[in-house]
Structures are given as structure tokens and as C-alpha cells.
Amino acid sequence: MADIRLEGVGHSYDGGRTWALKPMTWTWQSSRAYALLGPSGCGKTTLLNIISGLITPTTGRIWFGDREVTGVPTAGRNIAQVFQFPVLYEEMSVYDNLAFPLRNRKFPKKEVDQRVRQVSQLLGLDQVLRRRSRRLDPGRQQIVSLGRGLVRPQVAAVLLDEPLTVVDPALKWTLRSKLKEIHRDTGHTLIYVTHDQTEALTFADEVVVLNDGAIVQTGPPAELFLSPTHEFVGHFIGSPGMNMVPGEIVGDVVRVGTADVGAAPDGLPAGPVRIGVRPEFVRIAGPDASPGAAATVTGIDRMGAYDLVHTRVGEHPVIVKTEAGSACEPDAVVCLHFPADRTFLFRDEVRCGSLAPLNGRGPA
Ligand SMILES: Nc1ncnc2c1ncn2[C@@H]1O[C@H](COP(=O)(O)OP(=O)(O)OP(=O)(O)O)[C@@H](O)[C@H]1O
């Protein structure tokens, strides 16, 4: 197995007028489990199809290790794929479906049997191996498709395009952890496409966030949550997403309306910024606390395990996630404190710095 390197790879479906995938350079490291995460239409499937060879990119080159595969068709790339819906031989047994990719490549009978039994046990298919695939429900059929994708050792990568769409929600959790287990076992390079942040964050070693045809940030799940470098990642990851409050750098402070909420980082020129802070980290203090911004409580969602306190700072909504049973009442005036180590500043959607503590002051 080798790294998969994209060198200036981009794709346009309309002769270069618009780019479904903007030219990018990126390496998928061997044996890692990646999630490719982004909203509908951002280019995920296009990128996957370029790796598998179903699409030849408009521009750029692709390398599997030191072998260039840009013009090589799918059959010559040693890739396994799992699609959104089951792709099976319906008249064949589950066993034969799982064995097919191995028999097709002339694996010895003993190894075929060993691999099929190993994968079927991990995916909970061992009780239905003799059953015809068409007699399984669509969720189970999809698990067989997943097994077919994972059964071959030594593939360049396993590409999974929203593979759990038709699977029952309760089973999804189990299957994701099974997938992780199989990944640990086989060391395959996995690229798992999803628009669902929970799927991405619970599955991957590394998440690649795609928006509007471009990679906006990559990193381990915790890093994307705690340290987004792009506003899109702040919004898209987290539930609810990151609060964004317009502010301004004036001298050496960061101001929201007339309130100083922190110190400006060294070297950042004066002017407007957007202040990003996750609902988990905003703190509610008394109305005169300092430093902080005055806010009016507009509503409270009592979620059971936690509360979401909806507030407004001037015209701008800010959500605060608190412990269940918050004492806040609608219309109350409070002060919101933005912790320096968890609050970031953005310009043109890109992070340009972090809030700094204001003379060592915390909320009063
Ligand atoms: N065969 C095609 N011809 C023309 N445009 C296409 C084609 N396939 C995709 N597109 C366009 O390219 C862009 C990226 O599409 P793509 O399917 O790669 O996104 P995606 O992130 O996988 O979306 P989804 O999650 O909805 O599947 C979209 O604007 C889409 O309309």
C-alpha cells in the first residue's frame, strides 16, 4: 500500500466555466482512515471518482506511490469501492458475494474461506452466509456490500461513498465501530465520504473538510472542533455550530459594540473582524461582569442533558450551551464572556488570530 497523491487535480464538467473541484494538491497517507466531509454538491463524489478512475480530472496528476495513474482506468488501480446503495449479485449467496472479489483475483480457496469468514464475523453476517442476497433486507444487503469492499487485502484504498445511508440508524453506530475494528485489523487506506459530521467525527483518524470544491481544513476530529481555521468549519462542525459575532480591533483591544471583550493579538491591523466562539465555551456572567458583552436572553431550549440559552448581542444571535437547569430567564440581561483560549478572530472567512486575555481579567 502506498500514499495517494493528488497534484494540482481539478475537475470541470462544463469545459472550464465552473470547477466542481478546484485544482488541489493533497496526499492521502497510506493506512489512515479518512472522512471526506462536506455539504451536498461540494465535490465529494467527484473527488472520489477521480481517485477510483471513474473520472479523468480536467487538470492535474494522480500518483499511487511512485506510479502515476492519471490515465489508468478503474480496473488497473486496485481500488475497492462501496456505494450508497447495495451492489450485489442478488441470486448468489452472501458467502459467494463476499468471496467474489477474491475468487476473481484467483486467491487460493483456503484464503478465500478464511477472509470471508473473518469479515462476515466482524460484520455480523456469519449466520446468513448461505442465504441468497436478494432475501436480505436492504440494510443487510448494504452490509454485504461493505463486506465485499473490505474483503480484499492489499488494496490501494477502500472508497466508501455514504455507505450507511440505507442502514437502520441504530445499526449505524455498531457498523462504524466495526469499520474501525476492521481498519485496525487490515490497515487499509479508507476514504469515507459523508455529509454527516457525526459519522465523520466518530469514524476518522483525519477529517478532510470540503466546501465549494476546495479543501478548507484537514485534521483529527478534536482539532476541527477546538481549533477551526475557517468559518465554514466553525459552522459546519458542532451542534449548534460556532457563534460568529461581528467585532472590531481598536488599538490593542477587540470590541463588540462598545464593550471590550479581549485584547487583540500582536500584529493584527485595526479594522473589522468576526469573532468565533463555540456555544460550549461562552460563559454567562452577571450583567456588569468584565470583560464581556451585554446580551439579552431571547429563549431557552431545555434539551434534557443540557440547555441552549439563546441570546442577542445587539442584533447578533449568540447561543450558549450550559448545564441542564440553567437559571436564565427570557428577557434577562446578562454578560457574555468569551474565553481567550477558545475564541478566534476571522477575516475573509479565514482565521487571522486568537483573542488574547485583557490585562489578565476574567469575568467578574
Ligand atoms: N455528471 C455531471 N455533470 C455535470 N455536473 C455535475 C456532474 N456530477 C456532478 N456535477 C456537479 O458538480 C458539483 C459537485 O458534485 P458532486 O456530486 O461531486 O458533489 P457531492 O459533494 O458528492 O454532492 P452530494 O453529497 O449531493 O452527492 C455539483 O455542483 C454537481 O451539480
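What you see below is based on every heavy atom in this structure, not just the backbone, and it leaves out hydrogens, waters and symmetry mates. Indexing begins at 1, ligand by ligand and atom by atom, following the structure's order.
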Closest approach of any protein heavy atom to atom 26 (O) of ligand 1, naming residue and atom: S40 OG, 2.6 Å
Member of K110, K109, R117 meeting the salt bridge (Lys or Arg N to Asp or Glu O under 4.0 Å) criterion with D113: R117
Whether G43 lies under 4.0 Å from ligand 1, heavy atom: yes
Atom 25 (O) of ligand 1 - nearest protein heavy atom and its distance: K44 NZ, 3.0 Å
Enumerated ligand 1 atoms positioned under 4.0 Å from heavy atoms of A20: 12 (O), 13 (C)
Cation-pi geometry met for R351 and F344 (6.0 Å, 45°): yes
Atom 9 (C) of ligand 1 - nearest protein heavy atom and its distance: Y13 CE1, 3.5 Å
Under-4.0 Å protein heavy-atom contact, atom 31 (O) of ligand 1: no
Aromatic plane relationship, F236 with F232 - under 30° parallel, 30 to 60° tilted, over 60° perpendicular: parallel
Distance-only donor-acceptor check, side chains R312 and T298, under 3.5 Å: no
Atom 16 (P) of ligand 1: nearest protein contact (heavy atom, Å): T46 OG1, 3.7 Å
Sequence neighbours excluded - salt bridge (Lys or Arg N to Asp or Glu O under 4.0 Å) pairs with any residue from residues 29-51: R32-E206
Close approach, P39 and ligand 1, non-hydrogen under 4.0 angstrom: yes
Any donor-acceptor N or O pair under 3.5 Å, side chains T194, D196: no
Nitrogen or oxygen of G41 less than 3.5 angstrom from that of ligand 1: yes
No-hydrogen, no-angle side-chain donor-acceptor test under 3.5 Å, S120 and Y95: no
Heavy atom of protein inside 4.0 Å of atom 13 (C) of ligand 1, strictly below: yes
Any N or O of T45 closer than 3.5 Å to N or O of ligand 1: yes
Residues Y34, Y192; criterion ring pair (Phe, Tyr, Trp, His ring centres under 6.0 Å); working and verdict: CA-CA 6 Å; Y34 290 93; Y192 183 113; over 10 Å; no
